[in-house]
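As the structure is a prediction and not an experimental result, all values here were calculated from the model. Residue numbers start at 1 and run along the sequence shown. Every number for a ligand or one of its atoms is a count from 1 in the order of the listing.
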Amino acid sequence: MSLWLSGIGVSRGIVIARVQKLHAGDLDIPERTLDAGDVDGEIVRFVGAQRRAREQLHEVRDKIPPGTPNDIAAFIDTHILMLDDRSISDTTIGHIRSQHLNAEAALRKTRDALIAVFEQMDDAYLRTRRDDVDHVCARILRVLLRSERQLPQKADAEPFVMVADDITPADIILLSQQHVAAFVTEYGGPLSHTAILARSLGIPAIVGLRDARRLLREGELVIIDGEAGHVLATPDDVALAFYRDKQQQQRQYRASLVKLKGRAAISRDGVHLRLLANIELPEDAKVAEENGAEGVGLYRTEFLYMNRKDLPSEDEQYEAYSRIVSAVSGPITIRTLDLGADKQVDSGRTLGPTPNNPALGLRAIRLCLKEPELFRVQVRALLRASSLGRIQIMLPMISNLQEFRQACAAIDAVRHELIGEGHRLAAQVPVGAMIEVPAAALASPMLARHARFFSIGTNDLIQYTLAIDRVDDEVNYLYDPLHPAVLQLIGRTIDAGVDAGIPVAMCGEMAGDPRYTRLLLGLGLTEFSMHPASVLEVKRIIMDSDVGRLRRAVRELLGCTELQDMRDRISALDA
Ligand code: PEP
Ligand code: MG
């Protein structure tokens with residue numbers, strides 16, 4: 001008999017293959033009190049296990065095939081850095097020495113304390129690093145306990161669906177070389193590393209499917225729908241025929257997208273829309289253009305500051321920005337660092353005390369204005385790189401005009417300083433505001449008179465507008481890009497930009513989600529910035545759309561007084 005199961009679909013695609021389970025190998029951690037004479041030996045045992053774990057990760061890294069997206073290797077590098085982090089090693093050695101604990105129990109104590117800190121964090125990205133701590137500590141623990149988790153060794157080339165409690169980035173890389181066709185995990189959310197990596201590698205995945213290992217049988221045939229989050233076990237012939245047909249359609253669709261790479265995103269009625277890429281590492285810039293993006297709409301510079309023990313120097317930043325400029329011929333929007341409160345750097349230097357509501361605290365532009373030297377170093381590097389290409393500077397988390405002006409004055413001061421030193425700079429480096437706080441969207445007509453461009457950050461705009469933490473599972477169901485309040489704020493921001501004659505882009509996830517492309521076109525958006533992998537699909541929709549018709553339809557639907565009526569009309573935009 002067939003069985004339907006539902007989880008969270010995080011990486012699209014239809015797969016029909018047999019189940020292979022990854023056994024949890026839950027770790028049974030013994031606790032012992034050591035004799036004083038055994039303490040030094042235990043520390044040596046811990047350090048040896050740490051070294052072996054590091055070697056294992058280097059072995060995985062060496063197996064990454066050339067041409068794989070850079071964020072894949074970056075996940076492994078994050079784990080290698082974390083392995084060496086003093087908050088893991090020094091604290092564990094401290095527990096062994098002071099409490100005479102065995103290495104396994106000492107490491108568990110360290111891990112539990114670190115996880116508790118990460119779990120309190122308010123930031124989506126950093127909350128996912130809780131999993132990193134867990135994975136890294138589990139790797140050392142497995143070496144200590146001599147309990148390697150065995151990945152299936154596939155001698156044949158038959159694709160399979162890996163069903164597991166959770167999968168580490170390293171395991172994903174190894175499995176991707178073994179004909180894994182899809183992942184189903186019991187834990188994790190849309191922002192988990194399993195999800196991000198699966199998307200990058202183009203492997204369909206479903207996470208958060210509780211009890212998957214109990215409900216699915218080894219070797220059983222299953223259909224995976226990575227978009228809907230559905231698993232259909234032991235499908236009948238009708239279901240098999242239906243999904244085989246769907247699979248075939250998807251293959252043809254993907255093949256047709258590749259042909260759009262060199263083409264401009266021009267709608268049926270002749271409107272040219274600009275498609276840009278969001279990048280996190282300078283190396284991603286090249287991939288962005290290869291995927292058909294016309295430039296970079298968001299470079300998240302905070303990644304330059306994370307996973308390291310010191311702050312990046314001006315020269316190091318200049319070098320990173322120059323690398324992007326040399327790889328991209330189009331415009332490049334570089335966001336000044338969005339760090340602070342919960343996003344502490346690893347240099348041991350805290351960026352202020354951790355407040356109760358970090359998302360509402362000292363972060364992004366607020367932190368830069370409070371720490372002028374931190375900002376100055378970054379702006380010097382940015383302005384110096386401006387002589388090499390089309391750089392524009394974007395300020396995150398702007399909530400009022402005063403803040404924007406203050407930041408512009410600081411940038412101007414740096415410009416004069418550099419000119420005084422004899423540097424050559426671009427004549428114009430446009431400075432724009434990210435609109436991701438509801439107050440900024442409401443005050444956008446005022447901000448538009450001073451900013452040279454806007455970029456709407458829907459990830460934060462939605463969470464602040466609806467007063468929900470986007471990573472809190474309890475309130476996730478309220479996260480709704482189509483909420484009328486959100487649509488009004490987006491519409492107001494675009495209108496303010498148009499009235500003032502400045503470009504308005506969107507760089508939140510909504511911009512790269514094909515379900516919203518027509519709605520955004522109808523709201524008047526002209527620049528879309530997204531993960532490079534989404535560019536071609538959004539381009540296809542744009543090329544099939546009539547922007548004039550969409551603008552009229554969306555203007556009308558925004559006037560709806562019945563929610564269902566509005567939603568029906570939004571769905572009808574795709575017809
Ligand atoms: C956003 O908030 O939409 C955004 C793009 O910024 P981040 O996801 O980095 O907070
Ligand atoms: Mg944001």
Side-chain angles (χ1 to χ4, degrees), residues 71 74 121-129 189-193 195-196 199 275-281 284 288 293 296-306 332-343 345 357-368 392-399 403-404 432-441 444 453-472 479-483 486-487 489-490 493-494 504-513 516 520 523 525 527-532 534-535 538:
D71 44 356
M121 290 181 172
D122 212 19
D123 174 86
Y125 174 75
L126 285 173
R127 285 262 293 259
T128 64
R129 295 187 70 194
L191 292 166
S192 65
H193 284 164
I196 298 171
R199 278 196 293 271
L275 300 188
L276 304 158
N278 292 351
I279 62 168
E280 265 117 50
L281 299 169
D284 297 337
V296 170
L298 166 65
Y299 168 38
R300 291 180 161 101
T301 57
E302 53 274 13
F303 283 83
L304 280 173
Y305 293 72
M306 293 161 87
I332 300 156
T333 303
I334 302 187
R335 176 171 82 178
T336 57
L337 76 169
D338 188 0
L339 278 179
D342 50 342
K343 285 191 195 178
V345 288
N357 289 309
L360 306 179
L362 185 66
R363 58 180 293 198
I365 195 64
R366 303 171 183 182
L367 176 81
C368 287
Q392 43 184 29
I393 298 177
M394 177 155 80
L395 306 173
M397 288 285 292
I398 290 290
S399 61
E403 222 167 21
F404 186 78
M434 247 186 115
I435 305 294
E436 50 184 345
V437 176
S444 54
F453 65 91
F454 283 158
S455 186
I456 306 173
T458 47
N459 308 343
D460 278 317
L461 185 63
I462 295 169
Q463 95 166 319
Y464 291 129
T465 305
L466 305 182
I468 46 137
D469 179 345
R470 70 196 203 206
V471 294
D472 184 337
Y479 191 82
D480 180 13
L482 299 182
H483 191 293
V486 173
L487 298 186
L489 291 175
I490 294 173
T493 306
I494 295 172
V504 180
M506 178 178 285
C507 60
E509 289 295 304
M510 201 175 169
D513 190 328
Y516 308 128
L520 295 172
L523 283 166
L525 190 73
E527 296 190 12
F528 297 64
S529 191
M530 64 199 78
H531 189 286
S534 305
V535 169
V538 171

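Residues satisfying the side-chain contact (heavy atoms from CB on, under 4.5 Å) criterion with Cys368, sequence neighbours excluded, are Leu337, Ile365, Phe375. Listed by chain and number, the residues in a side chain to side chain donor-acceptor pair (under 3.5 Å) with Thr336 amount to none (sequence neighbours excluded).
At most 12 non-hydrogen atoms from other residues, nucleotides or ligands lie less than 6.0 angstrom from CD of Glu509.
Using a 4.0 angstrom heavy-atom cutoff, Met510 does not count as in contact with ligand 1. At least one heavy atom of Arg335 lies less than 4.0 angstrom from ligand 1.
Heavy-atom proximity to atom 4 (C) of ligand 1, evaluated over Met434, Met397, Arg363, Gln463, is greatest for Met434. The heavy atom nearest to atom 10 (O) of ligand 1, considering only Asp460, Asn459, Thr458, is found in Asp460.
In summary, the atoms of ligand 1 found under 4.0 Å from a heavy atom of Glu436, numbered by their order in the structure, are 1 (C), 2 (O), 6 (O).
Between the Mg ion (ligand 2) and the N, O or S atoms of Asp460, the shortest distance is to OD2. Looking at Glu436, its N, O or S atom nearest to the Mg ion (ligand 2) turns out to be OE1.
At under 3.5 Å, not a single nitrogen or oxygen of Glu302, backbone or side chain, sits near a nitrogen or oxygen of ligand 1. Of the polar atoms of Arg300, at least one N or O is found under 3.5 Å from an N or O of ligand 1, judged by distance alone. Residue Glu509 has no nitrogen or oxygen atom sitting less than 3.5 Å from a nitrogen or oxygen atom of ligand 1, judged on distance alone.
In this structure, Thr333 contributes its side chain and Leu298 its backbone to no donor-acceptor pair below 3.5 Å. Distance alone, capped at 3.5 Å, is enough to place a donor-acceptor pair between the Glu302 side chain and the Asp338 backbone. Here the side chain of Tyr464 pairs no donor or acceptor atom with the backbone of Ala439 at under 3.5 angstrom.
Looking at every heavy atom in both residues, Cys507 comes nearest to Gly457 through SG-CA, 4.5 Å.
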